[in-house]
Structure formats: structure tokens, C-alpha cells
Colleague: 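The structure is given below, and queries will be raised subsequently.
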Amino acid sequence: MEERHEAESLSPPQIAAIRRSLTSGRMALTRRSLLRAGGAGAIAVGGLGALGGCGIPPAGRTEVDNASDDHSAEEKRINFSNWTEYIDVGKGNRHPTLDEFHRRTGIKVKYTEDINDNVEFFGKIKPQLAAGQDTGRDLICVTDWLAARMIRLGWIQPLDPAQLPHAFTNLAKSFRTPDWDPGRAHSYAWSGIPAVIAYNKKATGGRKVTSVSQLLEDPKLKGRVGLLTEMRDTVGLTLLDMGKRPETVTADDYDAAIARLQKASDRGQVRRFTGNDYTGDLTKGDIAACMAWAGDLIQLQADNPEIEFTIPDAGYMTATDNLLVPNKARHKRNAERLIDYFYEPKVAAKIAAYINYVCPVDGVREELAKIDKALADNPLILPDEEMVAKSHAFRSLSSKEETAFEDKFAKLTGA
């Protein structure tokens, strides 16, 4: 636990990786970010330098010291920060699930779509957290690597299991034990983000593409393969294809995966490393096969029946976005009630039907089928047992490891 109090800063390779995500990676053009993509570049250029140049000050406090006096009983409200287009939307741009929560509990949710990307948002709330002050938010939704960092710094409150009966019971097994928050003591998953293989049947001549080995070595795909700019996804999928586990990756394993990717790139197998901009090339057939994110594929398939996806036998990568209660939040108990509400299957189904990412809630299939049977049968939203068994997550990296890994990946991609 000593690492919680160390000063942290972003190294140049980490900043470069974040810039890739902002301009072309998973944070740039997904459904949840289409409306905010225009501002991301400005944030990347204007804000990353400040974040990289100034270390995060030591937390210097314990979680207990940072816990606030809870005002939930007398203040029936919650301030919830989330990403754009990441919850159900109804008539008049209302959010039906949040309206129902208000009717049921009397607790009004102030819902703000003010998370443009993880780094920018962290920069926004970091000064208050470091000073032991209220951020003005009771519930936030951030990606696993940032959740891990904030928990490590001691800036996130532990959750009370007694207030989370639905969440505790219905959290899917595959989401229960992240190495960065054992037992989900501080967090609950909002959604899963799988990285799999996609291909255009017309561009492959009707041939299936089922493995990373095919992507990297099949001469019939030469020059028409796309790999992702997200290090954990591209290297993770490659490690799995090599019989290695991303959960226990060593420096030697990582170097071997980079060498394999470099060989394919040097041979001209890889057309380019892409963010979400692979979607256009895949649809046109300029990219015949690629690594891809599930949230994109559901939308692509709706528009183009030639697009197929494959869950490699070797496994696939999954990242998560997660709900957390920051230190000094005024309405922790209300926030816990909202988290628990999201884990009721009927509520979770409404959200899953809108956002199309992996739903972390068990027992949701029947409710989702009432809304859209095709979505309920889609393993990219509700993975079956076989698919769940193939899911893997990249292990948490120390700041030193992440710097080294991202530096090598940047050299591979030419970033």
C-alpha cells in the first residue's frame, strides 16, 4: 500500500499514448464520444503538457481521513459525472432510468456529461482531491487504469456492501476480481469494452479470419490488416495468440510480442495502426481484417451485413469503465443507492439496449429480450459462458512499467 502516497507524474511515453487515444484511439470516436470528439484534440494539445509536467502530489491521507460527513438523509440528491451518450436517452433528452430512480426514492440525480476523456477529467478533479476537498461529484465513471490510480492514491471511498445488495448479487463473475480493486471494495463496473477480430467478408473473398496469427501472417491479407493504437489491446491480443496471459505478462513476454508485431509490420502485413477510424476502411474493404472494439461492431453490422467478428480461440481483451465515489462526496449513501439501482436487471437492460457495450449485470437477458431480442442474443453485449471464459484483462502496471511498455509500443507504431 506504500505506492498510494508516492508522487506520480505522466512520462513522455504515457502522454504520447494518451494523445493517441484522444486523437484516434478508443476515446476518440466511439458512440459515447461522437458528440465530444471535436474538443478532444484541443484538450490533448492544451492540457497534457501541464499534466505531464506536474507530478500528482502525495495523497498524504488515508481513505478514512478523506471520508466526508454524509448528507444523504437531508439532501435528497446526487451529482453524477459520466461520458457523453453513455446512458439511456428518451423523449426530450430525458434519461428514463434516472427519472424512475427519482420517482422511486425521491433522490434527484444531477447528471452531467462532463467526462471528455480520462486524463482531462482527472486534471479537473485532481486539485480538490489532493487538497482533501469535495469535488462536487458524488459518483464518477472512469476507465480501469485511472480507477486503479485513484484508488492507489487513496482518493476513492470504500463502498458499503450492506447498501449494495443487487450489485453484490448481480455483478457478473468476470467483473468481480480486478487486480486493481480486489473484491470490488471501491468500484462497480459500468460496462465492459471487448477487443476482438473483425473482417469484411467481401474483402476476404468470403474467407473467415479467426486469429491474430492470420492477421499477422496470412499472405492473402498482406497490406490490408489493421491493428489498434491502444497498447493493452494490441499487445494483449498478440500475447494471447502466443499462449501468454496478459494478466501475468512479464517484460520478456512483452518484448517477444512487440518483436512479433514488428516483424509483421516490417514485412508489410499491416496497413496501419488505427483508432476507431478503422471503421471506415473496414466498411469500404481497404482493411480486410483488423482488431476492433465491440461497441463499434454492433453499429457497423447494422449498416453493413458484410462485417463479421470473431472471438479468437486464444481469447480476447476486455477493459472496463467503472463507478466510483470520490473522497469528500456529500452524498455517498445516495450514490450507493444509485449504483445498486443500476444493477437491477430491468434497469441494466434499458442502459445496455442504448449503449451497446458489455453489460456487467447477471440476469439481464430476459429483460433485454423484451426490448430487443437481437441485442439479447448478441455476445458482444451479453457474452455466453464460452465467451466469458476467453476474456482477459491486462494486468495493472506500475508507472515505471507503463513508461517502458508505451515507449516500445510507440516505436513500433511510429507514434
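As the structure is a prediction and not an experimental result, all values here were calculated from the model.
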Colleague: Using a 4.5 Å cut-off on heavy atoms from C-beta on, say whether the side chain of L237 contacts that of Y316.
Modeller: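 SC-SC contact between Y316 and L237 confirmed.
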Colleague: Determine whether a donor-acceptor pair (N or O, by modelled atom type, separation under 3.5 Å) exists between the side chain of E247 and the backbone of R395.
Modeller: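 Checking the backbone N and O of R395 against the side chain of E247, no donor-acceptor pair under 3.5 Å is found.
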Colleague: How many angstroms lie between OG1 in T238 and CG in L227, if you round to the nearest 0.5 Å?
Modeller: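 Rounded to the nearest 0.5 Å, the OG1-CG separation comes to 7.0 Å.
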Colleague: With the side chain counted from C-beta on, respond yes when W190 and T320 share a heavy-atom pair under 4.5 Å apart, and no when they do not.
Modeller: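 Of all side-chain heavy-atom pairs linking T320 with W190, none is under 4.5 Å.
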Colleague: Could you note down all residue pairs passing salt bridge (Lys or Arg N to Asp or Glu O under 4.0 Å) where residues 342-366 supplies at least one of them, sequence neighbours left out?
Modeller: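 As it turns out, the salt bridge (Lys or Arg N to Asp or Glu O under 4.0 Å) pairs with a partner in residues 342-366, which skip direct neighbours, are R104-E344.
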Colleague: Rounded to the nearest 0.5 Å, what separates atom CD in Q301 from atom CZ in F309?
Modeller: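 Answer for the CD-CZ pair, Q301 versus F309, is 6.0 Å.
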Colleague: So does Y199 get a backbone contact from the side chain of K208, meaning a donor-acceptor N/O pair under 3.5 Å?
Modeller: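 Between the backbone of Y199 and the side chain of K208 there is no qualifying donor-acceptor contact (under 3.5 Å).
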Colleague: Quick one: does D138's side chain have a donor or acceptor within less than 3.5 Å of a partner on A335's backbone?
Modeller: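 Judged by distance alone, no pair lies under 3.5 Å.
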Colleague: List the steps, then state whether side chain to side chain donor-acceptor pair (under 3.5 Å) holds for S391 with T318.
Modeller: CA-CA 6 Å; S391 173; T318 299; 3.1 Å; yes
Colleague: What's the spacing between I87 CD1 and I351 CD1 if we round to 0.5 Å?
Modeller: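 The CD1 atom of I87 sits 5.0 Å away from the CD1 atom of I351.
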Colleague: Quick check for you: to the nearest 0.5 Å, what is the distance between I298 atom CD1 and I307 atom CD1?
Modeller: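 Rounded to the nearest 0.5 Å, the CD1-CD1 separation comes to 14.0 Å.
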Colleague: Assess whether side-chain contact (heavy atoms from CB on, under 4.5 Å) is satisfied between M150 and I125, documenting all intermediate values.
Modeller: CA-CA 11 Å; M150 295 177 72; I125 64 177; 3.7 Å; yes
Colleague: If I compare all heavy atoms of L297 with all of A292, which pair ends up nearest, and what's the gap?
Modeller: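 Shortest heavy-atom contact: CD2-CB, 4.0 Å.
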Colleague: Check the surroundings of atom CZ in R207: do more than 12 heavy atoms from other residues, nucleotides or ligands lie under 6.0 Å from it?
Modeller: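 More than 12 heavy atoms, drawn from other residues, nucleotides or ligands, come within 6.0 Å of this atom.
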Colleague: Check this for me: does any side-chain nitrogen of one of D70 and R333 sit under 4.0 Å from a carboxylate oxygen of the other?
Modeller: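 A salt bridge is absent here (no side-chain N lies under 4.0 Å from a carboxylate O).
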Colleague: Any chance you could lay out the side-chain contact (heavy atoms from CB on, under 4.5 Å) test for D313 and S211, step after step, and finish with the verdict?
Modeller: CA-CA 7 Å; D313 288 340; S211 70; over 6 Å; no
Colleague: Taking the six-membered ring for Trp, are Y86 and Y357 parallel (under 30°), tilted (30 to 60°) or perpendicular (over 60°)?
Modeller: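 Answer is perpendicular, since the angle exceeds 60°.
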Colleague: Hey, could you give me the CG/CG distance between D377 and L368, rounded to the nearest 0.5 Å?
Modeller: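 Spacing of CG (D377) from CG (L368) equals 9.0 Å.
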Colleague: With a 4.5 Å cut-off on side-chain heavy atoms, are I197 and T210 touching?
Modeller: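 No; the side chains remain at least 4.5 Å from each other.
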Colleague: Consider only side-chain N and O atoms of R260 and S213, and report whether a donor and an acceptor are under 3.5 Å apart.
Modeller: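 Yes, a side-chain donor-acceptor pair sits under 3.5 Å.
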Colleague: Step by step, work out the salt bridge (charged side-chain N to carboxylate O under 4.0 Å, His left out) result for E217 and K263.
Modeller: CA-CA 10 Å; E217 298 163 11; K263 183 179 179 181; over 6 Å; no
Colleague: May I ask you to test the H95-V109 pair for a side-chain heavy-atom distance under 4.5 Å?
Modeller: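 Sidechains of V109 and H95: no contact.
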Colleague: Angle class for the F405/F394 ring planes (parallel below 30°, perpendicular above 60°, tilted otherwise)?
Modeller: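 The arrangement is perpendicular - the two ring planes meet at more than 60°.
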Colleague: A side-chain contact here means heavy atoms from C-beta on lying under 4.5 Å apart; do V196 and T310 qualify?
Modeller: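 No - every pair of side-chain heavy atoms lies 4.5 Å or more apart.
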Colleague: Working note: K220 + D218, criterion salt bridge (charged side-chain N to carboxylate O under 4.0 Å, His left out); need CA distance, chi angles, decisive distance, verdict.
Modeller: CA-CA 5 Å; K220 293 183 179 179; D218 187 342; over 6 Å; no
Colleague: Is there a side-chain contact between I151 and L324 in this structure, where contact means two heavy atoms from C-beta onward sitting under 4.5 Å apart?
Modeller: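 Touching, per the 4.5 Å side-chain cut-off.
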Colleague: Could you walk me through whether D160 and K332 satisfy the side-chain contact (heavy atoms from CB on, under 4.5 Å) test, starting with their C-alpha distance in whole Å, then the side-chain angles of each, then the deciding distance to 0.1 Å, before giving a yes or no?
Modeller: CA-CA 9 Å; D160 182 357; K332 177 175 181 283; 4.3 Å; yes
Colleague: Mind checking whether Y188 and Y343 have parallel, tilted or perpendicular rings, split at 30° and 60°?
Modeller: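 Y188 and Y343: perpendicular rings.
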Colleague: If you apply the rule side-chain contact (heavy atoms from CB on, under 4.5 Å), what do you find for Q157 with N327, and how did you get there?
Modeller: CA-CA 5 Å; Q157 295 192 50; N327 287 345; 3.4 Å; yes
Colleague: Determine whether V212 and M291 make a side-chain contact, defined as any pair of heavy atoms from C-beta on separated by less than 4.5 Å.
Modeller: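 V212 reaches M291 side chain to side chain.
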Colleague: Give a yes or no answer on whether the side chain of D181 reaches the backbone of S187 with a donor-acceptor pair at less than 3.5 Å.
Modeller: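 Here the side-chain-to-backbone pair exists.
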Colleague: Can you confirm whether more than 12 heavy atoms, excluding those of F168, are under 6.0 Å from its CZ atom?
Modeller: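 Count not over threshold, so no.
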Colleague: Measure from the side-chain N and O atoms of W83 to the backbone N and O of C141, and report whether any donor-acceptor pair falls under 3.5 Å.
Modeller: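 It does hold such a pair.
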Colleague: With no hydrogens and no angle check, do the side chains of N304 and T283 hold a donor and an acceptor under 3.5 Å apart?
Modeller: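 No pair is found: no donor N or O on one side chain lies under 3.5 Å from an acceptor on the other.
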Colleague: Is there a donor-acceptor pair under 3.5 Å between the side chain of N118 and the backbone N or O of L146?
Modeller: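 No, the answer is negative, given that no donor and acceptor are paired below the 3.5 Å cut-off.
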Colleague: Do any N or O atoms from the side chain of N79 and from the backbone of G136 form a donor-acceptor pair under 3.5 angstrom?
Modeller: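 Between the backbone of G136 and the side chain of N79 there is a qualifying donor-acceptor contact (under 3.5 Å).
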Colleague: Counting only N and O atoms by type, is there a donor-acceptor contact under 3.5 Å from the side chain of Q269 to the main-chain atoms of L215?
Modeller: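 Judged by distance alone, yes, a pair lies under 3.5 Å.
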Colleague: Quick check: are there more than 12 heavy atoms from other residues, nucleotides or ligands sitting under 6.0 Å from NZ of K408?
Modeller: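 Yes, because the 6.0 Å sphere around NZ of K408 holds more than 12 heavy atoms from other groups.
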Colleague: State, yes or no, whether a side-chain contact exists between R232 and E406 at a heavy-atom distance under 4.5 Å.
Modeller: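 In contact.
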Colleague: Got a sec: does the CZ of R94 have more than 12 other heavy atoms crowding it under 6.0 Å?
Modeller: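 Count not over threshold, so no.
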Colleague: Given 3.5 Å as the limit, does a donor-acceptor pair link the side chain of K124 with the main chain of D114, or not?
Modeller: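 Pair found, side chain donor or acceptor close to backbone of D114.
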Colleague: Calculate, to the nearest 0.5 Å, the distance between atoms CD1 and CZ belonging to I107 and R337 respectively.
Modeller: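 It is 4.0 Å, given to the nearest 0.5 Å.
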Colleague: Quick one: does any side-chain atom of D144 pair with a main-chain N or O of N322 as donor and acceptor, under 3.5 Å?
Modeller: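 Judged by distance alone, no pair lies under 3.5 Å.
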